[in-house]
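For ligands, and for the atoms within them, numbers begin at 1 and follow the listed sequence. Note that this is a predicted model, so its numbers are computed, not measured. Hydrogens, waters and symmetry mates play no part in the numbers below; they use all other heavy atoms, side chains included.
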Amino acid sequence: MGARLGRDARGPLAGLLIAALVSLACAGGGLVEPEAERPGANPPAASPGPNTTRADSTTSVAEFEQDVADAQAVAERYWAAQFKASGQRFQPIRRIIPYQRDGEVSCGGQPLPRNNAVYCSRGDFIAYDVAWSVAAFRQVGDAFVFYLLGHEYAHAIQVRLGINYSFTIQQELQADCMAGAYLGDSVRSGALTLAEGDLEEFREGVAAVGDDPNQPWFAEGAHGTAEQRTDMFFRGYEGSLKECDLG
Ligand SMILES: [Zn+2]
């Protein structure tokens, strides 16, 4: 039982595309600032059952959408359990919004550009450019969708926990650790099943979104180098949330 991952990693150009595009993801500290509106009462509409199976060889948009929905379901089941264990009620994000055009979706009055994926704290939603995300999915593989969704969802969890670091890079590396923890713990619990090659997809995907090594760590948009991001992701993946400094 459980959502399944699996598909061979794609060609060597994958990293280039992702590096160019995902470096924009979460850019703009305002998008993840915790002075957001509190989430509304609406649970997410799409929560497919955990039994979804499908061929791993296809790269259709429908399969991509199913992976996004599966990743959301796995993440929400995971975080609901974590909150419950702490005696807190978990509020899922309000929506996941696919978009196709510049400015089609705004976050707190700021139009979201193409080639991006963000968590918007003001509206408590995750939004992603469909064409860009599907391209990344086709090139890197489905594991990357689970990582990306997990990273953005981690920003929503940070808001719920009131975590607001001084530097973007701290917020981002913690989100990578939390994404690793949700994936590693979900694999250990059986909620998520990896196929051969998925761990390598995680490694390649996370490394590919590292910052330019010349970017100062304290820069406003800094997410961390490939080495830092990979290290934090796998610390969370292997050691769970205790590695992530959630206080
Ligand atoms: Zn981020």
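Its N, O or S atom nearest to the Zn ion (ligand 1) is what matters here, and for Glu172 that atom is OE1.
The side-chain hydrogen bond (donor to acceptor under 3.5 Å, both in side chains) analysis of residues 173-188, with sequence neighbours excluded, yields the pairs Tyr78-Asp185, Tyr147-Asp176, His151-Asp176, Gln158-Gln174, Tyr165-Gln174, Asp176-Arg229, Asp185-Arg188, Asp185-Ser240.
For the side chain to side chain contact (heavy atoms under 4.5 Å, CB included) test, no residue two or more places apart in sequence or in another chain qualifies with Ala81.
Taking backbone and side-chain atoms together, Asp176 has no N/O/S atom less than 2.8 Å away from the Zn ion (ligand 1). Residue side and main chain included, His223 places no N/O/S atom under 2.8 Å of the Zn ion (ligand 1).
Side chain of Tyr153 to main chain of Ile93: a donor-acceptor pair is present (N/O by atom type, distance under 3.5 Å, no hydrogens or angles). Remark: side-chain polar atoms of Thr168 are paired, donor with acceptor, to backbone N or O of Glu220 under 3.5 angstrom.
Rounded to 10°, the angle formed at the Zn ion (ligand 1) by His151 NE2 and His155 NE2 is 100°.
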